[in-house]
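Please read the structure below before turning to the comments.
Keep in mind the model is a prediction, meaning the values are calculated, not measured.
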Amino acid sequence: QVQLVESGGGLVQAGTSLRLSCAASGRTFSSYAMGWFRQAPGKEREFVATISGRGAYTYYTDSVKGRFTISRDNAKNTVSLQMNSLKPEDTAVYYCAAKIGSSVSNSPPVYDYWGQGTQVTVSS
């Protein structure tokens with residue numbers, strides 16, 4: 001069982017930055033691929049970024065490439081999402097997720113554990 005707790009959301013202006021963090025319980029953190037997803041009001045949950053178990057591979061949705069960076073610290077059981085040049089369309093609840101097995105995936109159904117989410121609101 002893995003418990004995930006996100007933090008770092010907030011209300012910011014367009015063009016600024018936020019850093020989301022996700023703290024995970026458990027002793028085998030490096031055996032999980034981690035992902036960030038988001039869900040805007042009235043929309044389905046969508047993939048944002050994923051990172052492999054040891055951090056060697058990352059993958060992003062096209063709309064955030066060059067602006068967002070996913071990273072992890074396996075010694076601290078944390079995964080982060082650095083979000084730069086934020087846009088109003090980035091407004092959503094952001095979720096951290098863990099997938100058993102270290103290979104990356106952009107598909108929500110294959111993730112086994114989810115955090116409670118953190119709200120990110122970007123004003124224009």
Side-chain angles (χ1 to χ4, degrees):
Q1 188 77 11
V2 176
Q3 292 185 325
L4 304 171
V5 180
E6 302 98 334
S7 61
L11 171 62
V12 298
Q13 291 188 332
T16 61
S17 300
L18 269 180
R19 185 177 181 87
L20 304 183
S21 295
C22 174
S25 64
R27 294 178 291 178
T28 58
F29 184 63
S30 63
S31 67
Y32 294 87
M34 299 298 296
W36 285 97
F37 296 80
R38 64 187 181 187
Q39 188 167 18
K43 295 187 177 181
E44 294 186 354
R45 190 168 299 188
E46 66 170 356
F47 165 75
V48 176
T50 181
I51 187 167
S52 59
R54 297 194 180 277
Y57 299 100
T58 59
Y59 180 60
Y60 300 88
T61 193
D62 286 346
S63 63
V64 308
K65 284 181 181 176
R67 300 190 297 124
F68 290 12
T69 302
I70 188 171
S71 61
R72 66 189 296 160
D73 185 338
N74 287 344
K76 297 181 179 179
N77 281 20
T78 59
V79 61
S80 299
L81 185 69
Q82 177 66 41
M83 306 186 294
N84 299 329
S85 302
L86 282 161
K87 303 175 180 180
E89 50 264 43
D90 294 319
T91 295
V93 177
Y94 282 71
Y95 297 90
C96 171
K99 168 188 165 289
I100 296 173
S102 62
S103 59
V104 298
S105 174
N106 64 353
S107 177
V110 306
Y111 282 78
D112 301 282
Y113 304 102
W114 292 83
Q116 81 289 350
T118 185
Q119 177 71 47
V120 172
T121 303
V122 184
S123 63
S124 58

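Residues Leu4 and Met34 form a side-chain contact, since some pair of their non-hydrogen atoms from C-beta on lies under 4.5 Å apart. Using a 4.5 Å heavy-atom threshold, the side chains of Glu6 and Tyr94 count as separate. Between Gln119 and Thr91, the closest side-chain pair of non-hydrogen atoms falls below 4.5 Å. No side-chain heavy atom of Met83 sits under 4.5 Å from any side-chain heavy atom of Asp90. At least one side-chain heavy atom of Ile70 sits under 4.5 Å from a side-chain heavy atom of Val79. The side-chain heavy atoms of Arg38 and Val64, taken from C-beta on, include a pair separated by under 4.5 Å. Between Ser71 and Arg19, the closest side-chain pair of non-hydrogen atoms falls below 4.5 Å. The closest side-chain heavy-atom distance from Gln1 to Tyr113 is below 4.5 Å.
Listed by chain and residue number, Asp62 satisfy the salt bridge (Lys or Arg N to Asp or Glu O under 4.0 Å) test with Lys65 (two or more places apart in sequence, or in another chain).
If you chain together hydrophobic residues whose side chains sit under 4.5 Å apart, Val2 and Val110 never meet in one group. Note: the hydrophobic cluster containing Tyr95 does not contain Leu20 (ILVMFWY, side chain heavy atoms under 4.5 Å, direct or indirect links). Residues Ile100 and Trp36 share a hydrophobic cluster, clusters being chains of Ile/Leu/Val/Met/Phe/Trp/Tyr side chains in contact below 4.5 Å.
Nearest heavy-atom pair, Ala98 versus Tyr32, reported as atom, atom and distance to 0.1 Å: CB-CD2, 4.1 Å. Listed here is the closest heavy atom pair of Pro108 and Asn106: CD-O, 3.5 Å. Leu11 and Ser123 get closest at one heavy-atom pair: CD1-CB, 4.5 Å. Nearest heavy atoms, Ser31 versus Thr28: OG-O, 2.6 Å. Nearest heavy-atom pair, Leu81 versus Ala49, reported as atom, atom and distance to 0.1 Å: CD1-CB, 4.2 Å. Scanning both residues, Pro88 and Ala14, for their nearest heavy atoms gives CD-CB, 4.1 Å.
Using modelled atom types, no side-chain atom of Thr50 and backbone atom of Val104 make a donor-acceptor pair closer than 3.5 Å. A donor-acceptor pair under 3.5 Å is formed between the side chain of Arg72 and the backbone N or O of Phe29. Looking only at distances, a side-chain donor or acceptor of Thr118 sits under 3.5 Å from a matching main-chain atom of Gly9. Looking at Tyr111, its side chain never comes within 3.5 Å of a backbone N or O of Ala33 through a donor-acceptor pair.
For the atom pair Phe37 CZ and Glu46 CD, the distance stands at 10.0 Å (nearest 0.5 Å). Separation of atoms OG (Ser124) and NZ (Lys87) is listed at 13.5 Å; rounding is to 0.5 Å. How far NZ of Lys99 is from CG of Asp112: 8.0 Å, rounded to the nearest 0.5 Å. Atom CG of residue Asn77 and atom OG of residue Ser25 lie 8.0 Å apart, to the nearest 0.5 angstrom.
Residue pairs meeting the ring pair (Phe, Tyr, Trp, His ring centres under 6.0 Å) criterion with at least one partner in residues 53-93, sequence neighbours excluded, are Phe47-Tyr59. Within the structure, the disulfide (SG to SG under 2.5 Å) test picks out the following pairs touching residues 7-66 (sequence neighbours left out): Cys22-Cys96.
Using a 3.5 Å distance cut-off with no hydrogens or angles, the side chains of Gln82 and Ser80 do not pair a donor with an acceptor.
No more than 12 heavy atoms of other residues, nucleotides or ligands sit less than 6.0 Å from atom CD of Gln3.
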